[in-house]
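For reference, the structure discussed in these notes is given below.
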Protein chains: 2
Amino acid sequence: MTVTAPDRFDVVFAALSDPTRRSIVRRLADGEASVLELAEPFPISLPAISRHLKVLEHAGLISRGRDGQRRPCQLRPEPLVEIAAWAEHTRAAWEGRLDRLDAHLRRTADRTPSPPPLERP
Amino acid sequence: MTVTAPDRFDVVFAALSDPTRRSIVRRLADGEASVLELAEPFPISLPAISRHLKVLEHAGLISRGRDGQRRPCQLRPEPLVEIAAWAEHTRAAWEGRLDRLDAHLRRTADRTPSPPPLERP
DNA sequence: CAGATACTTCACAGTTTGGTTATTTAACAG
DNA sequence: CTGTTAAATAACCAAACTGTGAAGTATCTG
């Protein structure tokens, strides 16, 4: 049983690759907001915002409610946690490599005064 | 001076939005590899891999050396750290919100048996 | 009912992306 | 120099993405 969903990563990373959408996500971290409120800072049309929101929703990064004629958006942090874990896990695997561990030990374990970068003629 | 580069996030998230490229990144976490070695698991052409690698390089996720006629690729973990930090920071901001803190306290602090969702006729 | 407000959906245009095959460059092996 | 291997580049194509303005839907307001 996998802890992380199969391939929502595709759509989550894709969703976050757009600056407008990242900005919206950051905005929603401060609390829910309506579509118009979210659109306000951006110089693009409302339909464009609407589609950005659909992308974010499809990625599981937001959920939308209904409050009268407004459709308030809420951040859903789970995908953020998942991608952070993925990135961290990958970095950790990289850091755990023997060769790099080796290099790291060489740099830190003894106090040899940092071997000069082997100047070439 | 900013620690994180201005908008490499666009290109980093975009780079990671492709499953082939994520797979390559994971592979490189286990150590450097040549283009042919990286291409081996995938059913796509070598030029396609080459372009994937260019995308990853442009995102700062890999660097490439030269060893004879091979061009070994190496993972560069910095962007991974940056996006993990971004995601975590965003999640932390969300979690820090008063309303959610409030809700959280209501759920945990006292032991009221979860008020039924206010059924509507 | 007739607006007005808050969005969403539609139809279209320009750009980007991910793949292909064919060609080219670089380094090694005889 | 010749051939082979590793990889990059060029030219092209179909699909997906991001924007637009116009029209449609849903909810409040009078």
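Residue numbers begin at 1 in each chain, while the letters A, B, ... track the order of the sequences.
Sorted by first then second residue, the side-chain hydrogen bond (donor to acceptor under 3.5 Å, both in side chains) pairs that include residues 52-64 of chain B, not counting sequence neighbours, are B/Arg21-B/His52, B/Glu57-B/Arg64. Judged as a salt bridge (charged side-chain N to carboxylate O under 4.0 Å, His left out), not a single pair has a partner in residues 26-38 of chain B (not counting sequence neighbours).
Near DNA chain C, meaning a heavy atom under 4.0 Å away, the residues from residues 48-68 of chain B are B/Ala48, B/Arg51, B/His52, B/Arg66, B/Gly68. Shown for residues 19-36 of chain A: residues whose heavy atoms fall under 4.0 angstrom of DNA chain D, namely A/Arg21.
B/Ala92 meets the side chain to side chain contact (heavy atoms under 4.5 Å, CB included) test with B/Glu88; sequence neighbours excluded. Taking the side chain to side chain contact (heavy atoms under 4.5 Å, CB included) definition, one finds that A/Ala14 meets it with B/Ser17, sequence neighbours left out. With sequence neighbours left out, the salt bridge (Lys or Arg N to Asp or Glu O under 4.0 Å) criterion links A/Glu40 to no other residue. When the side chain to side chain contact (heavy atoms under 4.5 Å, CB included) test is applied to A/Pro19, the partners found at least two apart in sequence or on another chain are A/Arg22, B/Asp10. Remark: A/Ala85 engages no residue in a side chain to side chain contact (heavy atoms under 4.5 Å, CB included) (not counting sequence neighbours).
Distances shown here put a side-chain N or O of A/Arg70 below 4.0 Å from the OP1 or OP2 atom of C/dA6. At C/dG19, none of the side-chain N or O atoms of B/Ser45 fall inside 4.0 Å of OP1 or OP2 (strictly under the cut-off).
Across the interface with DNA chain D, nearest-nucleotide mapping of A/Ile44 and A/Gln69 shows A/Ile44 to be the residue nearer the 5′ end.
For the pair B/Leu46 CG and C/dT23 C1', the computed distance is 14 Å after rounding to whole Å. When rounded to the nearest whole Å, the span between CD of B/Glu37 and P of D/dA6 equals 10 Å. We find that CG of A/Leu16 is positioned 16 Å from C1' of D/dC17, with the value rounded to whole Å.
Ring pair B/Trp86/B/Phe9 is tilted by interplanar angle, where 30° to 60° counts as tilted.
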